[in-house]
Amino acid sequence: MSLRQLEGEIDELRERISNPEKEKLTLSQFLNLSKQAENKVKSGTEVQKDTICRIIFLNLTVDEEEVLSYQAKEPFATMLKTRQSTSSRG
């Protein structure tokens with residue numbers, strides 16, 4: 001890489017740091033991402049899957065065949081708790 005390219009990347013990163021509002025997803029972008037999340041996780045590399053797990057989970061125990069236990073980080077923990085307790089019938 002040339003010095004100019006590196007300086008351009010540094011300027012872009014500084015702008016992103018100074019204006020985090022540019023990084024927020026719109027509601028439609030978020031809904032689209034959530035619809036595609038399962039496929040993106042299934043098709044991701046091991047590093048990408050690990051990164052996603054580190055963002056969502058505090059603790060995750062897995063063996064060769066299944067997830068044995070997990071503890072999610074907030075706000076995912078609240079979301080999972082809400083989804084599990086919203087059943088209107090027993």
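Remark: Arg54 CZ to Ile52 CD1 distance equals 12.5 Å, nearest 0.5 Å. With values rounded to the nearest 0.5 angstrom, Thr82 atom OG1 is found 9.0 Å from Met79 atom CE. Within the model, atoms CG of Asp11 and CG of Leu6 stand 11.0 Å from one another, a figure rounded to the nearest 0.5 Å. To the nearest 0.5 Å, atoms CD1 (Ile56) and CD (Glu74) are separated by 13.0 Å.
Within the structure, no pair that satisfies the ring pair (Phe, Tyr, Trp, His ring centres under 6.0 Å) test touches residues 35-56, not counting sequence neighbours. Sorted by first and then second residue, the ring pair (Phe, Tyr, Trp, His ring centres under 6.0 Å) pairs with a member in residues 31-63 read Phe57-Tyr70; sequence neighbours excluded.
Around atom CD of Glu46, no more than 12 heavy atoms belonging to other residues, nucleotides or ligands sit under 6.0 Å away. Sparse packing is recorded around NZ of Lys40, with 12 or fewer heavy atoms of other residues, nucleotides or ligands lying under 6.0 Å away.
In plain terms, the two heavy atoms of Leu60 and Cys53 that are nearest each other are CD2-SG, 3.8 Å. Contact detail for Ala77 and Ala72: the closest heavy-atom pair is CB-O, 3.5 Å.
Cluster membership for Val67 and Leu58, using ILVMFWY side-chain heavy atoms within less than 4.5 angstrom, is not shared.
By the side chain to side chain donor-acceptor pair (under 3.5 Å) test, Glu38 is found to be paired with Lys42, residues two or more places apart in sequence or in another chain being considered.
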